[in-house]
*Asks:* 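I'd like to ask some things about the structure below.
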Amino acid sequence: MFKRIVVAVDGSDTALRAVDKAVQLQQLLPEAEILLICVYKHHSLFEASLSIGRPAEMDIPDKVLSEYAREVVNFAKAHAQERGATHLRGFVRGGRPSKMIVKFAKEKEADLIVVGTRGTHSDKEGMLLGSVSHRVTSAAKCPVLVV
């Protein structure tokens with residue numbers, strides 16, 4: 001049924017619940033592989049040049065965000081392993097989160113994408129879905145489970 005499950009993580013509680021759900025699915029389908037992905041928003045050199053502070057290296061925003069995304073993936077991976085996950089890999093990508101999640105799922109030939117209802121940047125109370133989960137469900141070619 002599901003051979004490859006992509007789970008989008010961003011450090012939020014809902015993302016960890018998405019990881020938990022993917023692990024539960026994997027326990028039902030032991031051959032399924034879980035692919036964790038954290039997408040950081042790429043900052044162009046132009047955007048960096050508009051900041052008040054001028055870093056010595058202009059790639060600092062992307063470097064810091066990439067390192068943080070790697071920490072998020074590593075934490076989610078450890079979280080999944082504590083819950084019994086096997087066949088687990090983590091990935092970091094830069095770009096617009098919803099587009100990169102869908103593109104990554106297509107590249108990896110995912111059978112399912114699991115996302116949390118809201119991520120770390122959701123601040124609108126009362127909405128059913130966050131903007132990333134909404135866009136992923138609209139654009140994905142495979143089923144999407146929103147947790």
Side-chain angles (χ1 to χ4, degrees), residues 1-44 47-48 51 55-147:
M1 179 179 225
F2 298 122
K3 294 178 184 174
R4 209 165 281 121
I5 302 169
V6 168
V7 184
V9 294
D10 63 1
S12 67
D13 290 339
T14 58
L16 286 180
R17 286 197 294 274
V19 170
D20 291 343
K21 190 57 68 179
V23 172
Q24 291 171 358
L25 286 169
Q26 188 183 59
Q27 290 168 349
L28 296 172
L29 306 159
E31 296 303 313
E33 180 180 28
I34 296 175
L35 306 176
L36 302 168
I37 181 169
C38 184
V39 181
Y40 65 92
K41 185 181 181 290
H42 169 71
H43 284 78
S44 70
E47 289 172 317
S51 69
E57 297 178 45
M58 291 304 285
D59 67 340
I60 283 179
D62 277 355
K63 185 176 180 181
V64 169
L65 291 171
S66 173
E67 289 171 3
Y68 175 73
R70 175 58 51 203
E71 289 175 18
V72 167
V73 166
N74 288 338
F75 181 82
K77 191 173 183 179
H79 178 87
Q81 288 170 330
E82 287 172 5
R83 281 148 182 78
T86 58
H87 309 304
L88 180 67
R89 293 189 290 160
F91 300 86
V92 171
R93 297 288 188 273
R96 185 174 180 181
S98 56
K99 284 187 177 185
M100 285 306 300
I101 292 164
V102 170
K103 180 180 177 184
F104 178 80
K106 184 177 179 181
E107 288 171 1
K108 298 297 182 183
E109 298 177 356
D111 304 299
L112 178 68
I113 300 171
V114 184
V115 295
T117 53
R118 292 191 182 155
T120 56
H121 298 329
S122 294
D123 59 356
K124 295 182 175 91
E125 293 300 319
M127 291 184 67
L128 182 61
L129 295 176
S131 59
V132 172
S133 55
H134 177 75
R135 287 186 192 114
V136 169
T137 58
S138 299
K141 301 299 181 199
C142 65
V144 178
L145 176 60
V146 181
V147 180

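We count residues from 1, following the sequence as given.
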*Asks:* Kindly check if the number of other-residue, nucleotide or ligand heavy atoms within 6.0 Å of NZ (Lys77) is above 12?
*Replies:*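 Atom NZ in Lys77 is packed in, count exceeds 12.
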*Asks:* Any side-chain heavy atom of Lys103 within less than 4.5 Å of one from Arg93?
*Replies:*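 No, their side chains stay 4.5 Å or more apart.
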*Asks:* Going by the ring pair (Phe, Tyr, Trp, His ring centres under 6.0 Å) test, which pairs reach into residues 78-103, not counting sequence neighbours?
*Replies:*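 Applying ring pair (Phe, Tyr, Trp, His ring centres under 6.0 Å) to every pair that reaches into residues 78-103, excluding sequence neighbours, yields Phe91-Phe104.
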*Asks:* Would you mind reporting whether Asn74 and Glu71 have side-chain heavy atoms less than 4.5 Å apart?
*Replies:*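 Side-chain contact under 4.5 Å: no.
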*Asks:* Just how far is it from atom CG of Leu28 to atom CE of Met1, taken to the nearest 0.5 Å?
*Replies:*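 Leu28 atom CG to Met1 atom CE measures 10.0 Å (nearest 0.5 Å).
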*Asks:* I'd like to check Cys142 versus Asp111 (side-chain heavy atoms, cut-off strictly below 4.5 Å). Are they in contact?
*Replies:*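 Side chain of Cys142 against side chain of Asp111, heavy atoms only: no contact under 4.5 Å found.
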*Asks:* Roughly how far, to the nearest 0.5 Å, is the OH atom of Tyr40 from the CE atom of Met100?
*Replies:*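 One finds 9.0 Å between CE of Met100 and OH of Tyr40.
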*Asks:* Measuring from atom OG of Ser98 to atom NE2 of His134, what distance do you get when rounded to the nearest 0.5 angstrom?
*Replies:*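 Here the interatomic distance stands at 10.0 Å.
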*Asks:* Please find the pair of heavy atoms, one from Ala139 and one from Val102, that lie closest to each other, and give the distance.
*Replies:*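 Between these two residues, the closest heavy atoms are O-CG1, 3.8 Å.
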*Asks:* Considering all heavy atoms of both residues, which atom of Asp10 and which atom of Ala15 are nearest to each other, and what is their separation?
*Replies:*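 Closest approach of Asp10 to Ala15, heavy atoms only: OD1-CB, 3.4 Å.
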*Asks:* Is any side-chain heavy atom of Leu25 closer than 4.5 Å to one of Leu112?
*Replies:*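 The answer is yes; the side chains approach within 4.5 Å.
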*Asks:* Taking the side chain as C-beta and beyond, is there a heavy-atom pair between Ile113 and Ile101 under 4.5 Å?
*Replies:*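 Side-chain contact under 4.5 Å: yes.
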*Asks:* Please enumerate all residues that pass side-chain contact (heavy atoms from CB on, under 4.5 Å) together with Val72, with sequence neighbours excluded.
*Replies:*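 Val72 satisfies side-chain contact (heavy atoms from CB on, under 4.5 Å) with Val9, Cys38, Tyr68 once adjacent residues are dropped.
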*Asks:* If you take all heavy atoms of Arg70 and Val92, which pair is closest and at what distance?
*Replies:*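 Scanning both residues completely, I find the closest heavy atoms to be NH2-CG2, 3.4 Å.
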*Asks:* Could I get the full list of side-chain contact (heavy atoms from CB on, under 4.5 Å) partners for Val23, not counting sequence neighbours?
*Replies:*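 Counting only residues at least two positions away or on another chain, Val23 forms a side-chain contact (heavy atoms from CB on, under 4.5 Å) with Val19, Gln27, Ile34, Ala80, Arg83, Ala85.
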*Asks:* Which atoms form the tightest heavy-atom contact between Ile5 and Ala32, and what is the distance?
*Replies:*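 The pair with the smallest heavy-atom distance is CD1-CB, 4.2 Å.
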*Asks:* NZ/Lys41 to CG/Leu65 distance, rounded to the nearest 0.5 angstrom?
*Replies:*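 Answer for the NZ-CG pair, Lys41 versus Leu65, is 9.5 Å.
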*Asks:* Check Glu33, Glu107, Glu31 against Arg4 for a salt bridge (charged side-chain N to carboxylate O under 4.0 Å, His left out) and give me the one that passes.
*Replies:*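 Output: one option passes, namely Glu33.
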*Asks:* Please report the closest heavy-atom contact between Val7 and Ala22, naming both atoms and the distance.
*Replies:*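 What the structure gives for the nearest pair is CG2-CB, 3.4 Å.
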*Asks:* Can you name the closest pair of heavy atoms from Ile37 and Val73 and give their distance?
*Replies:*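 For Ile37 versus Val73, the nearest heavy atoms are C-CG2, 4.4 Å.
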